[in-house]
Each structure stands twice: as structure tokens, then as C-alpha cells.
Q: 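Handing you this structure, nothing more for now.
Counting starts at 1 for both ligands and their atoms, in listed order.
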Amino acid sequence: MTVRTRVAPSPTGDPHVGTAYIALFNMAFAKSQGGQFLLRIEDTDQARSTPESEQQILDSLRWLGLDWDEGPDNGGSHGPYRQSERRDIYDQHAKILIDKGHAFPCFCSSERLDELRKEQEISKSGSGYDGRCLHLSEDDVQAKVAAGESHVIRMKIPAEGKCVFNDMLRGNIEIDWTQVDMQVLVKADGMPTYHLANVVDDHLMEITHVIRGEEWINSAPKHQLLYEYFGWDMPVLCHMPLLRNPDKSKLSKRKNPTSITYYRDAGYLPEALVNYLGRMGWSMPDESEKFNLDAMIENFDITRVSLGGPIFDQEKLSWLNASWIREDLSTEQFADRLHKWLLNSDYVMKFLPQAQGRVETLADFAPMASFMFSGMLDLSEEDFVHKKLEQADVKKVLQFTLWRLEQLRQWNKSDIFNEIKTLSKEMGLKLGDFNHPIFVAIAGTPNSWSVMDSMEILGADMTRARLRHAINVLGGLSKKETKRFDKEFRVLGAE
Ligand code: GLU
């Protein structure tokens, strides 16, 4: 048997370090067994998936050197590798399940499901779908379908007993069937959900081992049942521990930058990031801290993964990065890396016209442009003091801007400007006042060239990371504040 693993990201946002972490372990496992590693794009959520996000995921995994044998860009014998191109396959498989009596159409409206949820909350009588449409007669179903009634397809779940499945790292896991919902497999628009598409694809792509984050453990009973319904063997499951912030909470961009692009642009070496991710819950047999991808593959043993939540600590990553720069690069190689990073004319030309309009001497350039070559800026609360804005307003401006920019699908100067102009108007602030904290967050000073230009050039991830950092410098947002801001923000958008 050839070992085949895959990473299956959903292209719905920034290329996440968690994706790289899972990709790395899948790759190391497959390669250590002489097997193959695949990349599949899970873009069934059409509303949230974007081609830009897909491209960024591919680019950042390649930057890390986590190359795949088969995937949407390099093809392979088990394609297509993008779920949106496999709809016919899912249709056929949903039909098989219905014909075998393992799945059923459900016509319940979202209003009814909301009602049901509320009733269940009040009476504390379990959760999940109550099975009303399980009992429709064949005639009723046909009449409803013929009348064009909107419906989804759900899978049947045993009413009682336990599901037992095995995990490579955790042994047997038991979950009561009463805890498992009659999962929707096909949505009203005909698109499959993650569960159906994932199981069908893993089978057809001959995946032997599914290594993924522990947040998917609760999905395993549904998947195991789907394999049984189809009469297929299930791949071996392995749920990796989740990456955590230094305070042990789940890794989140509010506390740590989570985008691979951020780390690239902030000047981390791909070798160092791969090395650091390799140390997340895993160690070399000789416990050495520093190793490259080949050494990891050579020494890989999945049973060395420990389940205590690995902490992703930027300071440790920086320490490791420093050691890669100091110990593993000659001066020529260091120069070459700087050049490939941002010290090149392609990059500098993007803001040279802005700088030219502001310098008095050539020597003014480097200090003026230093924020274009930085990660997080060294800021303090005083930097944000402004005669027209209270500190609370400053935080609000930064947070609201961040939320608007997180929703922006096209990253360019005019779209960024439109968001900011609209937001300042909605908040009743003059654009000049509104922009002050934005300038400080992005450029470190209000006296820089157009901050819209800077944001476009620095890119979405770096911009958002700096806005988040600025909010943290101002003390961050308490839970209460977040709730209050969120409420105000929603009203703004609605007006
Ligand atoms: N698309 C899922 C994700 O975004 C894949 C989960 C899995 O590996 O089964 O993580």
C-alpha cells in the first residue's frame, strides 16, 4: 500500500500557520513512508471562498517548501483537486446514499429550525435536527420536489448506541450517537457540505491517512458512518493538537499574527518557520531544536507527537529565526535573502515616487521608509494622542477600520480609501482626524505619505496585523468592549 496524505484547506481567508502546520505533518509522514502528499482545495463554501485566498495558500506553502505531488496547480491522476470542480461526483454519491436509504431530503425551513433550536434551549432537551422529515412518505417527498420546494439532504444517524473510532495518537474514542446531528450533506443550492465532499474525495483520491486538527474529532463519527454507508474502508485518522497562544487559548490573530504571509513579510526565513512548526508537539529523537525539512522527514515518527497543546510563541520563533540567520547563512547568502525579501528595486519602486516628493536629502530616505521594511512597529500609547480624539475613540477607529478591512475582498488603494471614507462619515469624524491613528498604526507617524498607498503596498496581512498591534498597544479590547463595539459597528453598517 502506498501511503497517501493530503492537506485540504478552505480558501476563505489568510493563509494560516495552522494550515502550514498540518501540511508539514502530512508531508513528513507521507515522505517518511515513501508515500505521496496531495493538496486539495475545499471550496464548497462558495460565498466565502476566493481565488485570491487559494493563490495565497498555494504561494505560501510553496514558499515554505512544502511541495505537493498532486494538486490544483500541478494536476495528477486523481483530479480535479478543487472541490468546486467535482460537483457531479458529489451529486452521484448523494444519490447513492438516498437510494440506499441512508440519507433523506429535508424540507424544514430555516424558521422552523430556528424555532426548534430555541425550544431545545429552553427545555434543555438535546440539540440538533429532530428528524421530522424522516417520516415523510415517498409520495409526499415526490410531490414536494415536483412543486419545487427548497430542500437539503441529511444523513441518517443511529438513534442510540455509541460510535467508536480509532485515532493514531489517541487510541479509541467513543461518542454517543445521540450527540451526533443528522448532518446536512447537500445544501439547498445543491452544493455538498464539507462532510460529504471530504469523505468522497478522500476515498476517490486514495488517501490512506487523514492527519488534521483536533477540531475535527467531533466530525469523525459522521465520516465513519459515511464510509460504512458507501461500503468503503476508512483512512486511518490522526487528530493533531491545536496550536495555542502563549496564554494557552486557541491560536488567534487577535493575540498572534496567524498569516504565513505576515511572517514572510516580517522577515522570517521559511526554514525557521518550518523548523518551528515541526517543534509544535513533536521533537527529534535526539531532542535537537534545530533541524531542516529533510532531517525531519528522515527522523519522522508520528507517535512522537505529544498531545499537550503546543504553544506558538513569536518570541521563540524569532530566537530560532535569528539562529538560522546567524549560523546557517554566509554573508553573501544573507545579502541574497534580503534582496529576495524586500530589499529590491521592484519593491522600492512602489513607494519611491512618494518618498521623492518628501525628502530633502538622499539620507532622509531610509528613516522615512523604514516602516516599509518592518514587522510590528515599536509604538506607545502617547503616539496616538490627538487633540480631537479621546483614547476610546482612537481604539474604536482602529477596530472598526480593522473589521471593515477584514471584509474587503479586493486589496487596492481605492477600495481601502472608500471603506475608510465611508466609515469616517458613518462615525461622524473628519477624515483627517480619523486617519491620525491609522497613520500611526501603519507608518508609526502621522507625517508620512499617503497611508492608503502604504496599506496597499504592505498588503492585507501586514496592514491588519499592524492595526491589531496598535489596538493591543492601547490596552486591547476587553470582552465587554468588544461586545459594545460590535453592536455599534453593526448599527453603523445598517444605516
Ligand atoms: N477543509 C478542512 C479545513 O479547512 C479540512 C479538514 C480535514 O482535513 O478534513 O481544515
Q: Please report which non-hydrogen protein atom sits nearest to atom 8 (O) of ligand 1, along with the residue it belongs to and the distance in Å to one decimal place.
A: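 Sorting protein heavy atoms by distance from atom 8 (O) of ligand 1 puts Arg6 NH1, 2.5 Å first.
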Q: If you apply the rule side-chain contact (heavy atoms from CB on, under 4.5 Å), what do you find for Ile302 with Leu169, and how did you get there?
A: CA-CA 8 Å; Ile302 192 110; Leu169 300 172; 4.3 Å; yes
Q: What orientation do Phe25 and Tyr21 show, parallel under 30°, tilted 30 to 60°, or perpendicular over 60°?
A: perpendicular
Q: Going by the order shown, which atoms of ligand 1 are within less than 4.0 Å of some heavy atom of Asn198?
A: 7 (C), 9 (O)
Q: Looking only at protein heavy atoms, which one is nearest to atom 4 (O) of ligand 1, and what is the separation?
A: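 Closest protein heavy atom to atom 4 (O) of ligand 1: Ser10 OG, 3.3 Å.
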Q: To which protein heavy atom is atom 1 (N) of ligand 1 closest, and what is the distance rounded to 0.1 Å?
A: Glu42 OE1, 2.6 Å
Q: May I ask you to check whether Val210 has an N/O atom sitting below 3.5 Å from an N/O atom of ligand 1?
A: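 Checking ligand 1 against Val210, no N or O pair falls under 3.5 Å apart.
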Q: With backbone taken as N, CA, C and O and side chain as the heavy atoms from C-beta onward, which portion of Thr19 lies under 4.0 Å from ligand 1: side chain, backbone, both, or neither?
A: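 Neither part.
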Q: Do Phe29 and Phe37 have their ring centres less than 6.0 Å from each other?
A: no
Q: If the test is side-chain contact (heavy atoms from CB on, under 4.5 Å), which one of Leu237, Asn26, Val3 qualifies with His209?
A: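 Option passing the side-chain contact (heavy atoms from CB on, under 4.5 Å) with His209: Val3.
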Q: Any carboxylate oxygen within less than 4.0 angstrom of a Lys/Arg side-chain nitrogen, looking at Glu214 and Arg170?
A: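 Salt bridge: yes.
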Q: Would you mind checking which non-hydrogen protein atom is closest to atom 9 (O) of ligand 1, with the distance to 0.1 Å?
A: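 The closest heavy atom on the protein side is Tyr194 OH, 2.7 Å.
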Q: So, are Lys290 and Asp328 salt-bridged, with charged N and O less than 4.0 Å apart?
A: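 So Lys290 pairs with Asp328 through a salt bridge.
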